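Report on the following structure.
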Protein chains: 2
Amino acid sequence: MRSNFLFLDTIINKVDAKGRVSLPSDYRAIVKETSSEIVCYRSLTSPCIEGCLEDLLDKLATEIETSTDFFSQTQDDLTNLIFGDAKRFPFDSTGRIGLTEKLLKHANITDTAVFVGKGRKFQIWNPENWEKEEARIRAEVLKNRPVLRPTLKEENK
Amino acid sequence: MRSNFLFLDTIINKVDAKGRVSLPSDYRAIVKETSSEIVCYRSLTSPCIEGCLEDLLDKLATEIETSTDFFSQTQDDLTNLIFGDAKRFPFDSTGRIGLTEKLLKHANITDTAVFVGKGRKFQIWNPENWEKEEARIRAEVLKNRPVLRPTLKEENK
DNA sequence: TTGCATCCCATGAAATCCCATGTTATACCA
DNA sequence: TGGTATAACATGGGATTTCATGGGATGCAA
């Protein structure tokens with residue numbers, strides 16, 4: 001038995017005229033294993049759709065409920081924004097979910113969607129936007145973490 | 001459950017037309033013992049594939065989940081990069097995994113792959129590239145740690 | 001009725017499984 | 001110790017299943 005799960009990988013799927021997309025099969029397996037459901041909402045920070053298991057939002061709600069952190073007001077606000085925007089997306093017998101106009105528009109998705117794993121969450125992007133975003137992140141991470149390559153010291157010039 | 005295991009040794013295996021490679025049997029034993037699964041992704045710093053147990057990523061996800069800045073930008077970037085690139089690779093009844101085009105291309109692997117143990121992780125290289133990389137590393141180590149020299153025999157002078 | 005969302009079936013492509021075979025490593029016995 | 005028998009492993013190819021995706025049918029609400 002596994003209590004853990006991870007949304008991984010990057011998967012490109014078609015969006016048909018009805019707004020339907022196949023949820024990647026790995027993601028479906030997680031939903032089944034956990035007996036939970038997929039929840040999606042507009043990302044607060046990026047032009048993409050964000051998704052997770054309903055369980056995760058439940059944990060968030062509990063944290064807020066029991067939090068004694070005086071300075072977490074901002075986080076509470078942000079979280080509440082998400083709750084207001086989030087919606088359950090069950091998938092049909094062929095494994096597809098029907099994304100709404102609101103979500104598709106926010107992410108600028110028309111006929112192709114990119115699912116990007118984020119561990120306990122995932123995101124859905126427009127292909128071109130994701131390409132740019134990935135390039136940005138790679139550059140950013142490499143810049144900020146030269147430490148990743150400690151064996152390349154140039155001490156003897 | 002044991003948390004101690006090591007990916008060791010250097011093993012050369014064939015990659016067939018379908019992208020299938022035998023996972024070294026020692027590695028398979030580790031997967032079975034830990035009841036985990038192999039996860040692979042493109043190395044951030046080298047032209048090679050990197051692999052580890054899913055447990056390792058799961059720990060990372062838990063750390064992020066329980067950290068206080070749920071909405072941190074840097075964290076978002078990192079999770080996208082790591083979880084978005086990583087993919088589970090279960091092996092079939094004959095012990096093979098099917099590497100993807102994306103990974104093979106990144107590592108420049110066509111028909112032969114070299115598995116290199118790295119302890120908690122391992123890497124998969126194109127044979128020629130690994131040969132160069134190993135030479136580079138050895139040279140680097142000797143240069144930066146002259147103390148090692150006295151123990152080296154002078155047999156290839 | 002009309003528009004919209006869900007459900008069901010069909011199809012092609014891709015990933016996975018299974019069996020067969022040669023090779024290498026290990027165990028066993030003289 | 002050497003030599004052979006046995007088991008483990010790597011690898012090729014074909015069969016099978018899963019998956020993504022298009023299209024039509026069905027049900028519900030305005």
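Because the structure is a prediction, the values reported are computed rather than measured. Order of the sequence lines fixes the chain letters, A, B, ..., with proteins taken first and strands second; residue numbering starts at 1 for each chain.
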Starting at atom [atom1] of [X], determine the distance to atom [atom2] of [N], rounded to an integer number of angstrom.
| X | N | atom1 | atom2 | answer |
| --- | --- | --- | --- | --- |
| B:Asp92 | C:dA14 | CG | P | 20 Å |
| B:Phe89 | C:dC17 | CZ | P | 14 Å |
| A:Asn13 | D:dA20 | CG | P | 6 Å |
| B:Ile97 | D:dC9 | CD1 | P | 16 Å |
| A:Arg96 | C:dA10 | CZ | P | 15 Å |
| A:Arg88 | C:dA5 | CZ | P | 18 Å |
| A:Phe91 | D:dA20 | CZ | C1' | 14 Å |
| B:Lys14 | C:dT23 | NZ | P | 11 Å |

So for B:Lys18 and D:dG14, does any side-chain atom that can act as donor or acceptor lie under 3.5 Å from a complementary atom in the base?
yes
Where does the angle between the aromatic ring planes of B:Phe7 and B:Tyr27 fall among parallel (under 30°), tilted (30 to 60°) and perpendicular (over 60°)?
perpendicular
Would you say A:Glu37 has more than 12 foreign heavy atoms packed within less than 6.0 Å of its CD?
yes
NZ/NE/NH1/NH2 to OD/OE distance under 4.0 Å, A:Arg136 and B:Asp77
yes
Is B:Lys59 salt-bridged to B:Glu63, cutoff N-O under 4.0 Å?
no
Check every strand shown and say whether B:Pro90 touches a base, only sugar-phosphate, or nothing at a heavy-atom separation below 4.0 Å.
nothing
What contact category does B:Ser25 fall into here, base, sugar-phosphate, or nothing, at under 4.0 angstrom with non-hydrogen atoms?
sugar-phosphate
For D:dA10, does OP1 or OP2 lie under 4.0 Å from any side-chain N or O of B:Arg28?
yes
